[in-house]
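Comments concern the structure below.
Both counts, for ligands and for their atoms, begin at 1 and track the order of listing. Excluded from the calculations below are hydrogen atoms, water molecules and symmetry mates; all remaining heavy atoms, backbone and side chain alike, are included. These numbers were taken from a predicted model, which means no experiment stands behind them.
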Amino acid sequence: MDDYKTRIRQLRTELNRHNHSYYVLNAPTVSDFEFDAMMRELQELEAAHPDMADPNSPTQRVGSDLAQSGFAQVEHRYPMLSLANTYSPDEIREWYLRVQRGLGGEPFEVVCELKFDGTSISLWYDDGRLTRAVTRGDGVRGDDVTANVRTVRSIPLVLEGDGWPRSFEMRGEILMPWAVFDRINAEREEQEEPLFANPRNAASGTLKLQNSAEVSRRSLDAYLYYMLGENLPCATHYDNMQLARSWGFKVSGAMKLCRSLDEIVAYMDHWDTERKNLPVATDGMVLKVNSLAQQRSLGYTAKSPRWAIAYKFQAERACTRLLSVSYQVGRTGVITPVANLDPVQLSGTVVKRASLHNADIIAQLDLHCGDMVYVEKGGEIIPKITGVEESLRAVGTQPVRFITECPECGATLVRDEGEAAHYCPNSDGCPPQIKGLLEHFTHRKAMNIDGLGSETVALLYEKGLVRDVSDFYRLTVDDIAPLDRLGKKSARNIMAGLEASKSVPFARVLFALGIRFVGETVAKRLTAAFRDIDSLMSASYDRLVEVEEIGGRIAESVLEYFSNPAHRALIERLKEAGLTMVEEDTALLSDRLAGKSVVISGTFARHSRDEYKALIAAHGGKNVGGVSSKTDYLLAGDNMGPAKLEKAGKLGVRIITEDEFLTMIGEA
Ligand code: IVH
């Protein structure tokens, strides 16, 4: 009768075991195909038997696209302390001697571990099941991020083996592996989103996302290094960690039991270089007295345990001369100061330039021309200046003064109240800003003009053929074909791309104009509310801020943009060129896809992706970005990403071809 219950339990146990082999032991025990088949069976059974729903089921690892509304604050059962830390091996020796004295000379062991550089997490287990995951917060209370943490495949949702306390806590570090960090930054670059500075920021930013399906896609990892509770199974930290490993936790294999200062020093020397081969970031080592009884007798200072200390690896640093500071003007007019350095070797590359970020940083460093400065790479992508060697400063040098005029167009720079950055306000007359705007206009997410990449746009600008975005629509094949690297074929391609861009929906046209603070989402809100460009151009401040998600800053920017006669004239020229300036009513063609959510991936032969998006909407369906357990169909074209395909397979999402889709909506 209750056969399904047995089968569901069996599938969950097996899937948990395979997950553990794959994500914790890095040793898969089953083929993807078999794994997917089991996962699908479990999903179907769970869907048919809601009485068996379980937040700790392996089907829940993919998270949910439904936005969470903030995080509940939870009080820690035990405060989350940090560790005393040092960069000096001498202070490690002093700590060791202090512990020795504190223990009255009795023998003791020290567990040496790596210090993982992510964001700390506290995991609560009751009866062998994950019940809560809490961030450090202020150490006393943290955010309940359980839904997000459930997506971290290396964290066990249900423990294996036996012998765990009924109720206990595991603490550790949530990390973004280097490979994932690189992949996500590459994606962000492609989408013109700001890059993560280092894997630590990326991990903590990801853990605070309000969308656990996105967290799931980011492939976080976790190492656990500390067990807390009333009835811990063993009398030493080391033994407790070995047991934790047998219950399914990812406990680092780099943990070593040391019985003397010499052994500790050898461990430090070894890992100082060896850590560079690890898949995750580490920033030092942690030393812990092994015996829990000895830990208790040593106790705590106000801030940290006396029984542990962190030794931080020195970030690689070089000292070199600051030759000059130059200033770059970005596409939005933001000015970035860049230090030009006497070339110096740093972690395997020659560094000639370093970012100085903004005027405040220059002032804080009290940077003078010709100073000897310290450059560090750390986890950051671009090296930065972290200090000045004032003892080497020559007499009579002058402090670096931030420029007051734009180096490209001479306009007086402005800095808004409370903003760190200076920017050039001459957006219509400053060459890099014009070029930036032209490029933005043609971008895939804006007018999506085939054949007009950034190099071609720059060429058209430099040849004087295009000065503002309306000039694109006056180009002829004869204008383009004679240009370097182009020719008739490319010219025709560009002309076709321009023609096609005239049917790009109004929201994307508005986004393409590059109005400050009007990103994709804001543009959609505005076009949905005002329906056509004339209504938007004549909207008052009060009408603008009535629109959902439109605040004062955006409203002011929109008003300012349209109050400029040059911009109004530009809009007229774009209208004449035939661009879409009204919100089209998407009349429902049928309800064949009513209530269905569809993910589009890959390229198609019969319609463009945008046309498919419109078709989905026109037949009552919803187009969504990522595959989740709530997705009904994955419309799969050519060259689609293997990750999406794999995920759809795992989740049992129906994969349909272009033809199948067209048959479905009666267009075949
Ligand atoms: S033990 C009371 N072990 O570093 C001792 N911490 O500054 C609890 N960390 O908050 C921490 N690797 O976020 C410990 N192997 C390790 C660690 C580690 C990284 C982090 C952790 C902690 C901070 C201490």
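For F249 and Y125, the gap between ring centers is short of 6.0 Å. The distance between the ring centers of F168 and W247 falls below 6.0 angstrom.
In this structure a side-chain-to-backbone donor-acceptor pair under 3.5 Å is missing from K250 to S154. Without hydrogens or angle criteria, Q295 side chain to V289 main chain gives a donor-acceptor distance under 3.5 Å. Side-chain N or O atoms of D221 include none that pairs as donor or acceptor with a backbone N or O of P177 at under 3.5 Å. No donor-acceptor pair closer than 3.5 Å links the side chain of D342 to the backbone N or O of T320.
Legend: side chain to side chain donor-acceptor pair (under 3.5 Å) pairs involving residues 92-108, not counting sequence neighbours, sorted by first then second residue: E106-Q294.
Contact annotation: K288 has at least one heavy atom less than 4.0 Å from an atom of ligand 1. Look at L114 and you'll find a heavy atom under 4.0 Å from some atom of ligand 1. Remark: distances from the non-hydrogen atoms of R136 to ligand 1 include one below 4.0 Å. Residue contacts with ligand 1 leave out A310, since none of its heavy atoms falls under 4.0 Å from the ligand.
Of the protein's non-hydrogen atoms, Y225 CZ, 3.3 Å is the one closest to atom 18 (C) of ligand 1. Among all protein heavy atoms, the one lying closest to atom 12 (N) of ligand 1 is F116 N, 3.0 Å. Closest to atom 8 (C) of ligand 1, if we only count protein heavy atoms, is Y226 CD2, 3.9 Å. Among protein heavy atoms, the minimum distance from atom 13 (O) of ligand 1 is reached at E173 OE1, 2.8 Å. In this structure, the protein non-hydrogen atom closest to atom 4 (O) of ligand 1 is K115 NZ, 3.1 Å.
Take F313 and apply the ring-ring contact (aromatic ring centres under 6.0 Å, His included) test, not counting sequence neighbours, and it matches no residue.
The contact set between ligand 1 and S120, taken as ligand atoms under 4.0 Å from a residue heavy atom, comprises 13 (O). Near P305, meaning under 4.0 Å from any of its heavy atoms, are these atoms of ligand 1: 2 (C). Proximity to L83 (heavy-atom distance under 4.0 Å) selects the following atoms of ligand 1: 5 (C), 7 (O), 24 (C).
Of the residues listed (D54, N56, V158, T59), the one engaging R12 in a side-chain contact (heavy atoms from CB on, under 4.5 Å) is D54, and it is the only one.
Inclusion of E113 in the set of residues having an N or O under 3.5 Å from an N or O of ligand 1 is warranted.
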